[in-house]
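Take a look at the structure set out below.
Heavy-atom basis, side chains included; hydrogens, waters and symmetry copies ignored.
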Amino acid sequence: MSTETLFAPPPPVTAAIVGHRARFPVHRIYCVGRNYEEHAKEMGFTGREPPFFFLKPADALVPLEAGQTGSIPYPSLTKNLHHEIELVVAIGRGGRDIPAADALSHVYGFAVGLDMTRRDLQNDMKKQGRPWCIGKAFDQSAPMGPIQPADGVGDITRASISLTVNGQLRQRSTIDKLIWNIAETIEHLSAAWTLQPGDLIFTGTPEGVGAVVPGDLLVGSIDGLATLAVRIDGA
């Protein structure tokens, strides 16, 4: 039986999959905060803190095809838009209280993503003890390249991750420097939420985050995955 709606529902959010015509339907976008030690330090923190999470709406995703240079607008209300390059984990099989030993069997694939951040607004919220949503969960704040199925990726834990802005290196690290690795992140996350097929996990960014301005070209790379290229448009 069909359900009548007051107005047409928005189209589903989907992401490209390398080598497949079918697309990946996105359920939720989870993000891990301060998950590289050097980035935690540059944000004023130290050590191996317990993991914490925030969410972006699914329609904040900007899904790009392999080889495509996308664009996102410089967002409103900010004068300090920051880049954060991240490995994205795409969940193919859901579950609750998933042990780390079984976590990778729930992973469908991986992609390169950007957690764009209105840093000035985020910092204002931190000072006031308020939620970060206005700094993190704005429109088009999550560009992402196509998903590479896990069986086509080598040892992702040893992969290099980097970001250039206008050809200049800004961020560089390796995935094995995650404070909480992929399996541990899934274990912690699934204790708080029931993971669903279609969930995306932005796993955290290495050191070197910084501001971008209209006209900048951001190129993110992770070994074994399709490169992500995004240009910042004017407001």
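Under the 3.5 Å distance criterion, the side-chain polar atoms of Gln168 are left unmatched by any main-chain donor or acceptor of Val165. Although no hydrogens or angles enter the test, the distance criterion places a donor-acceptor pair under 3.5 Å between the side chain of Arg118 and the main chain of Ile134. In terms of modelled atom types and a separation under 3.5 Å, the side chain of Thr205 and the main chain of Ile85 share a donor-acceptor contact. At distances below 3.5 Å, not a single donor-acceptor pair connects side-chain atoms of Asn35 with backbone N or O atoms of Leu178. Remark: side-chain polar atoms of Arg96 are paired, donor with acceptor, to backbone N or O of Ala191 under 3.5 angstrom. Of the possible donor and acceptor atoms, none in the side chain of Asp216 sits under 3.5 Å from a partner among the backbone N and O of Ile232. Between the side chain of His106 and the backbone N or O of Gly94 there is at least one donor-acceptor pair closer than 3.5 Å.
More than 12 heavy atoms of other residues, nucleotides or ligands sit less than 6.0 Å from atom CD of Gln128. Heavy atoms from other residues, nucleotides or ligands lying under 6.0 Å from CG of Asp176 number more than 12. Heavy atoms of other residues, nucleotides or ligands lying less than 6.0 angstrom from CZ of Arg172 number 12 at most.
Residues Pro149 and Ile17 meet the side-chain proximity criterion, which asks for heavy atoms closer than 4.5 Å. Residues Pro131 and Met125 are not in side-chain contact: their nearest non-hydrogen atoms beyond the backbone lie 4.5 Å or more apart. A heavy-atom distance below 4.5 Å is not found between the side chains of Trp193 and Asp199. A 4.5 Å side-chain heavy-atom check between Ile201 and Thr185 finds at least one atom pair inside the cut-off. Looking at heavy atoms from C-beta onward, Val230 lies out of side-chain contact with Val62 at the 4.5 angstrom threshold. The shortest distance between side-chain heavy atoms of Ile161 and Pro206 falls below 4.5 Å. Residues Leu64 and Thr69 have side chains not in contact (no heavy-atom distance under 4.5 Å, counting atoms from C-beta outward). Contact annotation: the side chain of Asn80 approaches that of His82 to within less than 4.5 Å [non-hydrogen atoms, C-beta and beyond].
Rounding to the nearest 0.5 angstrom, the gap separating the CD1 atom in Ile98 from the CD1 atom in Ile186 is 6.5 Å. Taking CD1 from Ile91 and OH from Tyr108, the interatomic distance works out to 13.0 Å, rounded to the nearest 0.5 Å. The CG atom of Leu163 sits 8.5 Å away from the CG atom of Leu228 when rounded to the nearest 0.5 Å. Atom CG of Asp223 sits about 4.5 Å away from atom OG of Ser160, to the nearest 0.5 Å. One distance of note links CG of Leu225 with CD1 of Ile147; it measures 10.5 Å at 0.5 Å rounding. Note that the CG atom of Leu195 and the CZ atom of Arg93 stand 11.0 Å from one another [nearest 0.5 Å].
Smallest separation of non-hydrogen atoms from Ala16 and Arg23: N-NH2, 3.5 Å. The minimum heavy-atom distance linking His27 with Pro197 is given by the pair CB-O, 3.9 Å. In this structure, Ser105 and Asp102 approach most closely via the heavy-atom pair OG-O, 2.6 Å. When every heavy atom of Arg34 is checked against every heavy atom of Ile179, the shortest pair comes out as O-CD1, 3.8 Å. Pairing each heavy atom of Ala150 with each of Phe110, the nearest pair is CB-CE1, 3.9 Å. The minimum heavy-atom distance linking Leu77 with Leu121 is given by the pair O-CD2, 3.7 Å.
Hydrophobic cluster membership differs between Ile29 and Val112, with clusters built from Ile, Leu, Val, Met, Phe, Trp and Tyr side chains linked at under 4.5 angstrom. Note: the hydrophobic cluster containing Leu55 also contains Val89 (ILVMFWY, side chain heavy atoms under 4.5 Å, direct or indirect links). Phe202 and Val153 end up in different hydrophobic clusters when Ile, Leu, Val, Met, Phe, Trp and Tyr side chains are linked at under 4.5 Å. At a threshold of 4.5 Å between side-chain heavy atoms, the hydrophobic network of Ile, Leu, Val, Met, Phe, Trp and Tyr places Leu61 and Tyr30 in two separate groups. The cluster map of Ile, Leu, Val, Met, Phe, Trp and Tyr, joined by side-chain heavy atoms under 4.5 Å apart, puts Leu169 and Ile222 in different clusters.
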Problem - Steps toward side-chain hydrogen bond (donor to acceptor under 3.5 Å, both in side chains) verdict (Thr78, Asp120) - result: CA-CA 7 Å; Thr78 185; Asp120 45 359; 2.6 Å; yes

Problem - Steps toward side-chain contact (heavy atoms from CB on, under 4.5 Å) verdict (Thr203, Val88) - result: CA-CA 6 Å; Thr203 56; Val88 182; over 6 Å; no

Problem - side-chain contact (heavy atoms from CB on, under 4.5 Å) between Ile72 and Asp233, intermediate numbers included - result: CA-CA 6 Å; Ile72 59 172; Asp233 287 342; over 6 Å; no

Practice task
Start with the C-alpha gap between Leu81 and Arg119, add the side-chain angles, then the distance that decides, and say whether side-chain contact (heavy atoms from CB on, under 4.5 Å) holds.
Solution key: CA-CA 6 Å; Leu81 177 67; Arg119 188 73 70 200; over 6 Å; no

Exercise for the section: Might you work through the side-chain contact (heavy atoms from CB on, under 4.5 Å) test for Gln122 and Lys136, ending with a clear yes or no? Expected result: CA-CA 7 Å; Gln122 182 195 29; Lys136 288 286 192 178; 3.5 Å; yes

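The pair Asp115-Lys56 meets the salt-bridge criterion, with a side-chain N (NZ, NE, NH1 or NH2) lying under 4.0 Å from an Asp/Glu carboxylate O. A salt bridge is defined here as a Lys NZ or Arg NE, NH1 or NH2 lying under 4.0 Å from an Asp or Glu carboxylate O, and Glu207 with Arg170 fails to meet this definition.
No hydrogens or angles considered: nothing links the side chains of Ser162 and Gln171 as a donor-acceptor pair under 3.5 Å.
Ring geometry for Trp132 against Phe54 counts as tilted: the plane angle lies between 30° and 60°, on a 0 to 90° scale.
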